[in-house]
Amino acid sequence: MPDLMLTEEERMLQSTVREFVDREVAPRAREVDQREEFSWENWNGMAKLGLMGIGIDAAYGGNGSGGYRHVAIVAEEVARGDASASVSLLAHLSLGTTTIYKFGNEEQKKRLVPPLATGKGVAAWALTEPGSGSDAAALRTTATERDGTYFLNGSKTFITNAGVAESIVVFATQDASKGHRGISAFVVEKGSPGLQINALHGKLGIRGSTTDEVVFQDTPVPARNLLGEEGKGFNYAMEILDSSRIIVAAQCVGIGQAALESAVRYAQQRETFGKPIAQHQAIQFMLADMATEVHAARVATMHSATLKDQGLPFLMEASMAKLLASEMCVNVSSKAIQVHGGIGYFQEAGVERIFRDARVTTIYEGTSEVQRLVIARQLMNQYPL
Ligand SMILES: Cc1cc2nc3c(=O)[nH]c(=O)nc-3n(C[C@H](O)[C@H](O)[C@H](O)COP(=O)(O)OP(=O)(O)OC[C@H]3O[C@@H](n4cnc5c(N)ncnc54)[C@H](O)[C@@H]3O)c2cc1C
């Protein structure tokens, strides 16, 4: 990241995380991908650095400082080393923990946030169901209240971190006829009766993160674990997704940066026709385009994070950053394979993992099509007839 964009404090955060990632996370990335398992080594290392407490008040176990710019810097650096580690972190921090921190009452924050903010526990965030993804308001998991306890029935799918989570934020409907106004948000704790978690295998990329199916069979949730008000859950989910997009965009910048670095290095060592391929103009143009795309996505991401931190409207800019950065990292990682030629297609070079990891980013936390819908809606608001 160009120095001018960052404050002294941000530069320090960046170099601390970069140093940790280069030393511990990046060297493990290939093995974690092959094992297809959540890495507790990565998790505990990130927790030790205090990365799960950014933006959370010290009274709730957090660092007491930082905002979206800080989380974006961290997400980029972690993703540069291993996208799997970054998705585990962002599902935990900018989805799960932030929902409890933002919409929980004092008692809930005191009870639930400290283990999450210190990384002792992992959070997950469960909105998607087999029948509802982009159209999240169509969810069918039900919450029925009996004598001060809510009973959950239904299932969620593609839930990052669920298999390792202490707390899962779950969105369920109390009255499907009310559409999104019937949806409430709950915290389901690990080990709850009737809670079943099944790991989903066979992902294309981010294989070092756990993605799970979560099934509820009359799962009791005490009233004290209802977040905020009944019927407001959908609004909470959308608000969280609006800002979490910034962090996914930062993750994409990290993935793109990793692909770019790998391609530039390889181009200077591989020789064809008597000179390094970096001396061929076609390769130079490819590298220049890749660097330009990474830079543009980074600027857009930090701009949206700055707007968010300053309390300014950021919705359209966050969607633009997510759209731009996710499409960028798919494209740039594909070009990185091209620069590598045949070896790029094999695990040995490392860019095939980056390419596989990149692919999901145009799908989760709002597909590219959904981002375009958000941007178009904002445009109509800005320029009414
Ligand atoms: C690895 C992974 C991790 C995930 N982690 C989580 C998680 O932690 N928590 C969670 O809740 N979810 C998670 N998800 C789910 C993810 O957010 C959804 O997959 C995503 O929102 C898309 O929903 P869908 O899969 O149902 O696709 P659909 O909504 O069925 O979309 C299918 C296609 O139709 C397009 N489409 C849909 N509606 C429109 C429209 N109105 N106009 C134009 N095109 C449209 C989409 O863009 C897409 O191309 C994860 C997914 C993956 C793959």
Side-chain angles (χ1 to χ4, degrees), residues 32-33 36-38 75 79 82-100 116 122-141 152 154-165 167-173 180 183 185-188 197-216 233-234 236-242 244-245 247-249 251-252 255 319 322-323 326-327 329-330 353 356-377:
V32 165
D33 173 64
E36 230 186 299
E37 272 174 18
F38 179 91
D82 185 358
S84 290
S86 70
V87 72
S88 307
L89 177 65
L90 77 87
H92 166 85
L93 178 56
S94 54
L95 292 178
T97 306
T98 302
T99 305
I100 302 172
L116 303 177
V122 181
W125 196 84
L127 179 66
T128 306
E129 299 186 0
S132 62
S134 306
D135 185 9
L139 65 80
R140 284 292 169 262
T141 295
L152 266 50
S155 72
K156 299 285 176 182
T157 194
F158 307 146
I159 307 306
T160 304
N161 288 348
V164 291
S167 298
I168 309 178
V169 174
V170 177
F171 298 89
T173 182
H180 74 268
I183 296 171
F186 304 89
V187 178
V188 176
I197 296 170
N198 306 313
L200 300 171
H201 292 288
K203 288 199 296 277
L204 176 69
I206 56 165
R207 292 184 178 170
S209 67
T210 171
T211 315
D212 309 286
E213 176 194 40
V214 183
V215 182
F216 309 98
F234 185 77
Y236 302 157
M238 293 303 114
E239 210 177 309
I240 289 295
L241 286 175
D242 288 344
S244 184
R245 255 167 223 152
I247 309 308
V248 179
Q251 175 191 39
C252 299
I255 296 172
S319 277
K322 201 271 180 178
L323 175 63
S326 58
E327 306 252 327
C329 74
V330 172
R353 177 183 53 77
R356 286 187 289 101
D357 286 349
R359 192 60 191 85
V360 73
T361 63
T362 67
I363 295 170
Y364 63 25
E365 298 225 18
T367 63
S368 289
E369 291 71 34
V370 166
Q371 304 310 328
R372 289 186 174 96
L373 291 175
V374 175
I375 295 164
R377 210 178 301 133

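Since the structure is predicted, the reported quantities are computational estimates derived from the model, not experimental observations. Atoms within a ligand are numbered from 1 in the order they appear, just like the ligands themselves.
- The salt bridge (charged side-chain N to carboxylate O under 4.0 Å, His left out) test applied to Arg356 returns Asp33, Glu352, not counting sequence neighbours.
- For Phe216, the ring pair (Phe, Tyr, Trp, His ring centres under 6.0 Å) criterion is met by no residue, not counting sequence neighbours.
- Every residue meeting the ring pair (Phe, Tyr, Trp, His ring centres under 6.0 Å) condition with Phe38, not counting sequence neighbours, appears here in chain and number order: Trp40, Trp43.
- Between Phe171 and Trp125, the ring-plane angle classifies as perpendicular under the 30° and 60° cut-offs.
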Short N or O separations between ligand 1 and the protein, below 3.5 Å:
unit_1, atom_1, unit_2, atom_2, d
ligand 1, 5 (N), Phe158, O, 2.8
ligand 1, 5 (N), Thr160, OG1, 2.8
ligand 1, 8 (O), Thr160, N, 3.0
ligand 1, 8 (O), Thr160, OG1, 3.4
ligand 1, 9 (N), Trp125, O, 2.8
ligand 1, 11 (O), Leu127, N, 2.9
ligand 1, 11 (O), Thr128, N, 2.9
ligand 1, 11 (O), Thr128, OG1, 3.1
ligand 1, 12 (N), Thr128, OG1, 2.7
ligand 1, 14 (N), Phe158, O, 3.3
ligand 1, 23 (O), Ser134, N, 3.4
ligand 1, 26 (O), Gly133, N, 3.4
ligand 1, 29 (O), Ser134, N, 2.9
ligand 1, 29 (O), Ser134, OG, 2.6
ligand 1, 47 (O), Thr367, OG1, 2.6
ligand 1, 47 (O), Glu369, OE1, 2.6
ligand 1, 49 (O), Glu369, OE1, 3.4

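- For Glu129 and Thr141, the side-chain atoms include at least one donor-acceptor pair closer than 3.5 Å.
- Using modelled atom types, one finds a donor on one side chain and an acceptor on the other under 3.5 Å when comparing Ser94 with Ser244.
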